[in-house]
Each structure stands twice: as C-alpha cells, then as structure tokens.
K.L.:
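Please find one structure pasted underneath; my questions will follow.
So that the names make sense, note that chain A is the first sequence line, chain B the second, and so on, each numbered from 1. Atom set for the values below is all heavy atoms of this structure, side chains included, hydrogens, waters and symmetry mates excluded.
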Amino acid sequence: MTKENSNTPIIMWFRQDLRIHDNPALNHAASSGKPIVAVFIHDEISPNIRPMGAAQKWWLHHSLESHANELETRGCKLILKSGAATDAIAQLKTETGADAICWNRRYGDGEQSVDADIKQMFKDEGLEAKSFAGHLMHEPSLVRTGSDMPYRVYTPFWKKFCEMGPPRAPYPAPEQLKPHQDQVSSDTLEDWKFLPTKPDWSKTIAEQWTPGESAATERAKAYMAADLRAYDTARDLPGPDRTSKLSPHLRFGEISPYTLWHQCHDQRHTADAKAREVWAKELVWREFSYHLLQEWPHLRSENFNPKFDNFPWDRNEAALEAWQRGQTGYPIVDAGMRQLWKTGWMHNRVRMIVGSFLVKHLLLDWREGESWFWDTLVDGDPAANPAQWQWVAGTGADAAPYFRIFNPILQAEKFDKDGSYIKRYVPELSDLPTQYLAAPWDAPATELKKAGIVLGETYPKPIVDHKEARERALAALQASKEPKE
DNA sequence: CCATTATTGTC
DNA sequence: ACAATAATG
C-alpha cells in the first residue's frame with residue numbers, strides 16, 4: 001500500500017482514552033506512517049459539554065502527567081490546548097500542516113456535535129478524519145431490541161450484549177510512534193489549575209490513588225489474580241472492600257473495557273464462572289449507562305421516567321449540607337459520605353444507601369446528589385453517574401415494580417456486620433459495641449456513656465426518623481400521581 | 001411466650 | 001427492598 005502523504009502529520013486527539021495499549025485511534029495513527037501530533041484539549045466553552053468536577057480535575061492532572069511521560073518515552077510530546085475544541089484543532093492544523101486526524105469516539109450530545117463539526121471541517125478540505133470505537137465494547141446505538149428500540153431495562157440489554165458476540169481482543173500498543181518534531185504551542189498543566197490550593201483537600205485522595213495507565217494496568221492485574229474470585233460474594237461488603245477500584249481508570253480510559261473483559265474471562269483457573277460473570281456484568285452496566293445517555297441526552301437533568309415530573313421534591317439547605325458533610329446521624333450514611341470526601345470514591349453498596357437516603361428520606365432532588373457526586377468523585381462519569389442516580393431515585397431505568405426505599409439501619413446490619421466500615425470513617429463511634437453501630441440512638445445510655453458518645457454533641461442525632469421518612473416518601477409518591485388540576 | 005425465619009404484597 | 005404477617009420451634 002502506498003502512503004502518499006506519509007510526511008504530513010496526523011493529529012491524534014486524546015480525550016477519555018489516556019492510554020497506549022488497546023487504543024485503536026493511536027494504532028491507526030501509528031500505522032499511517034505519518035508523524036504524530038498528540039494533543040489533549042481542555043474545552044469548557046463548547047455547548048452542552050459538562051464542566052468537570054473538582055475531584056476529576058485532580059485525577060486528570062495526574063493522568064495527563066503520566067500519559068505525557070508515556071508518550072515522551074516514545075519520543076512524542078503531548079500538546080495541551082484549551083478553548084473550544086473546533087478552534088484548537090483548526091489552530092493545530094494550521095500550525096502543523098496536518099492533513100489527517102483521528103480519535104476514539106465519545107458519547108453525549110455536546111461531545112458528538114463538536115466531533116461531527118471537526119470531522120466536517122476536515123472532510124470539506126478533502127482531508128482524513130477517522131473515529132474509532134475504544135471507550136465501549138459495543139456502540140450504544142447498535143444495541144437494539146427486536147423492534148429496533150433502545151433498551152430501558154438492564155437484563156434484556158445484557159442478554160442482547162451477549163448475543164452480539166464477545167468483544168474483540170485488545171490491540172497491542174504500537175511498536176513505535178513517529179513523532180512530529182516541529183515546535184507547537186502548548187499550554188502547561190499548571191496553566192489549567194486543576195489542583196486544589198486553598199484549601200488543598202487532595203492529600204487524602206492522593207494517598208489512595210495513582211492515576212495513569214501503568215497504575216491502572218497493575219491494579220487490574222492484581223485484582224484479577226487476587227480478588228476477582230470472591231467478587232460475587234464479597235462485592236457488597238464495604239468493610240473488607242474487595243472491589244477492583246478500576247472505575248476512575250476506566251473513566252479516563254487509562255485501561256480499556258476490552259482489556260478488562262478479556263482479563264476477567266481469562267481468569268478461569270482462579271475465579272469460577274459465577275464470579276467472572278458477575279464482574280463482567282458490572283462492566284456492562286457501564287455500557288448500559290452510555291446506552292441510556294445516547295438515547296436520552298438529558299439524562300443528568302431530566303427524569304428518565306416522566307411520571308416523576310410532578311414529584312414534590314423538598315428544598316432544605318440544612319438537610320443537604322448534613323448529607324454532604326456526613327452528619328445525618330445515620331452511621332452508614334455518614335461513613336459513606338465521609339469516605340467520598342476523604343478518598344474521592346465510595347463503595348457501590350454505600351452509594352446506593354446514601355443515594356436512597358438523600359432522595360427518599362430527605363426528599364431532596366436526585367439532581368442535588370448527582371451534582372455532589374460529580375464534583376467529589378474521582379470516577380465521576382458523564383453516563384454512569386446520572387444513570388445510577390436515576391436508578392436509585394426510582395426515576396430511572398429500573399425493573400423493580402415497587403418504590404425502593406433502603407432502610408439504612410438494616411443495610412448497615414446486613415452489609416457492615418462487624419462495623420468495620422462505620423468505625424473506619426466515623427471514628428467518634430469506634431468505642432461503641434458493634435451491635436449498636438447501625439442505630440446508636442437505640443443504644444442503652446450506659447453503653448453510649450462508656451463509649452464517650454453524647455448524641456447531639458459528639459455525634460448527631462438522626463435528622464429524620466426512618467419510619468416517618470419512609471411514610472412521607474410513599475405519601476409524596478402518591479401525591480405526585482394525583483392528576484394536576 | 002418470644003425470637004427467629006419464611007411468605008407475601010407493595011410502590 | 002422492605003415490612004407486615006404467618007409459621008415455626
């Protein structure tokens with residue numbers, strides 16, 4: 001095959017795919033034989049693109065640093081540009097004389113319309129613009145029901161996903177990259193001010209996480225070898241916490257879902273079929289979220305199920321703040337919210353509990369919770385975060401025929417039996433015997449005293465009564481169903 | 001009788 | 001998923 005323009009550069013536009021391995025667009029750029037201009041654009045201007053949350057920015061800073069180093073060892077510099085992506089790409093095209101561009105597809109209406117514009121910009125000049133599937137194993141728009149409709153329920157989506165055949169094997173990293181050598185203007189990471197300063201809340205997060213492709217790869221390997229086998233039985237226990245912690249790495253594409261799918265299924269000798277399937281199903285929940293986002297671009301702002309449009313959400317700043325700060329008086333809720341603040345992450349079981357509590361017990365709008373998570377989670381994902389919040393609120397894609405109201409006391413007793421999770425994040429309760437940890441207000445006065453706890457002083461009294469809150473939520477649901485005058 | 005366990009209806 | 005109710009021992 002002749003490569004007519006092998007001396008003119010190709011732009012490799014990195015977005016949510018900060019990896020060398022299994023990166024189809026990068027492989028395309030490498031095999032084109034053209035000098036590669038690698039770029040990342042920080043775009044907070046283009047319409048309908050959600051500005052990143054603070055914790056994600058912390059992650060992205062370090063992930064870009066790591067990715068730039070990876071590229072550097074292959075002789076390639078990562079160019080940083082900011083502003084509207086169409087302008088940044090146009091400028092880069094002029095600066096470098098590039099006659100081709102490639103990227104891995106992203107999802108969401110704002111992102112896709114920017115990408116379509118840029119593709120058009122290249123096509124109009126007879127230049128090449130190619131996009132690849134790398135973020136998801138099956139294109140969300142191609143997973144359809146028998147009557148050619150998008151799925152609204154996970155289980156049939158999962159079945160269809162399986163029928164569509166196993167995801168392709170991951171691609172190897174390109175053997176070599178031919179870098180573009182000329183000087184190109186670039187921002188610095190410091191220009192973007194992604195790291196918090198006054199106050200710097202990132203220290204406890206940095207202790208937990210190492211952003212970047214090599215850390216992601218190591219974590220995946222270690223997880224598959226050690227803990228995958230216990231996933232189906234242990235995944236609901238936030239105390240021992242045997243989850244993979246791969247979510248932020250996946251969020252920024254430091255490791256690909258194809259790689260993880262195959263690593264999981266290759267683990268036949270250590271993990272049984274059940275454990276492997278349950279874990280793979282979680283990976284496909286991510287795909288389902290993108291499927292929903294694709295079909296319902298306003299997933300983060302509008303009820304998926306319009307029947308909830310009349311739901312009488314409360315507005316209560318004090319209650320919202322108590323929830324955000326982990327001061328609700330329900331230890332399992334407070335432990336979760338404090339884990340989130342401290343580490344930028346929360347165990348999934350606890351996400352469901354705190355989400356249900358915000359929406360059902362406090363009657364606060366799920367969008368308040370979604371926004372808080374978006375700002376504080378290092379794995380805040382444009383599809384998974386709204387999809388999960390809508391699921392827990394009952395407004396989303398959920399097959400349950402009833403209005404799910406988690407009981408935070410039962411949930412704590414069931415999933416944090418030994419109280420290790422609560423004690424870790426709510427240390428003011430750590431001297432209370434385990435049996436009282438789920439509901440300290442029911443502990444005998446003598447036990448509270450022995451543990452040095454004064455409810456309302458050293459730890460809050462519950463801000464709502466469970467039974468009353470439950471009844472109030474059910475009444476609100478009824479009220480939202482009354483036909484409007 | 002009480003505490004634990006199984007069943008069932010709901011949203 | 002929960003909670004009211006029934007069954008068990």
K.L.:
Tell me: CG of A:L363 to C1' of B:dC11, nearest whole Å?
P.N.:
14 Å
K.L.:
With a 4.0 Å cutoff (strictly under), does any side-chain N or O of A:N407 reach OP1 or OP2 of C:dA3?
P.N.:
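Answer yes for this pair, as a side-chain N or O of A:N407 is under 4.0 Å from OP1 or OP2.
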K.L.:
Rounded to whole Å, please give me the gap between CZ in A:F403 and C1' in B:dG9.
P.N.:
17 Å
K.L.:
Out of A:W261, A:Y290, A:Y151, A:F288, which residue meets the ring-ring contact (aromatic ring centres under 6.0 Å, His included) rule with A:F161?
P.N.:
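Option passing the ring-ring contact (aromatic ring centres under 6.0 Å, His included) with A:F161: A:W261.
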K.L.:
Under 5.5 Å between ring centres and under 30° between planes: true for A:F406 and the base of C:dA1?
P.N.:
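Not stacked: fails the 5.5 Å / 30° test.
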K.L.:
Atom CD of A:Q478 and atom C1' of B:dT10: how far apart are they, to the nearest Å?
P.N.:
11 Å
K.L.:
Quick one: A:R349 CZ to C:dA1 P, roughly how many Å, whole number?
P.N.:
7 Å
K.L.:
Is the charged tip of A:K360 near the ring of A:F406: under 6.0 Å from the six-membered ring centre and within 45° of its axis?
P.N.:
no
K.L.:
Could you tell me how far apart A:D236 (CG) and C:dA1 (C1') are, to the nearest whole angstrom?
P.N.:
13 Å
K.L.:
For side chain to side chain donor-acceptor pair (under 3.5 Å), just list the numbers for A:E207 and A:T204, CA-CA rounded to whole Å, side-chain angles, deciding distance to a tenth of an Å, and then say yes or no.
P.N.:
CA-CA 5 Å; A:E207 285 166 10; A:T204 50; over 6 Å; no
K.L.:
Taking atom C1' of C:dA1 as reference, at what distance in whole Å does atom CZ of A:R404 sit?
P.N.:
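In whole Å, C:dA1 C1' lies 7 Å from A:R404 CZ.
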K.L.:
Please report the distance, rounded to the nearest Å, between CZ in A:R472 and P in B:dC11.
P.N.:
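The answer, rounded to whole Å, is 19 Å.
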K.L.:
Could you state the atom-to-atom distance from CD1 of A:I405 to P of B:dT10 in whole Å?
P.N.:
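Interatomic distance, CD1 of A:I405 to P of B:dT10: 15 Å.
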K.L.:
Ring pair (Phe, Tyr, Trp, His ring centres under 6.0 Å) for A:F14 and A:F40? Distances and angles first, verdict last.
P.N.:
CA-CA 5 Å; A:F14 287 101; A:F40 182 93; 8.6 Å; no
K.L.:
Would one find a side-chain N or O of A:H466 under 4.0 angstrom from OP1 or OP2 of C:dC2?
P.N.:
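Checking C:dC2 against A:H466, no side-chain N or O comes under 4.0 Å of OP1 or OP2.
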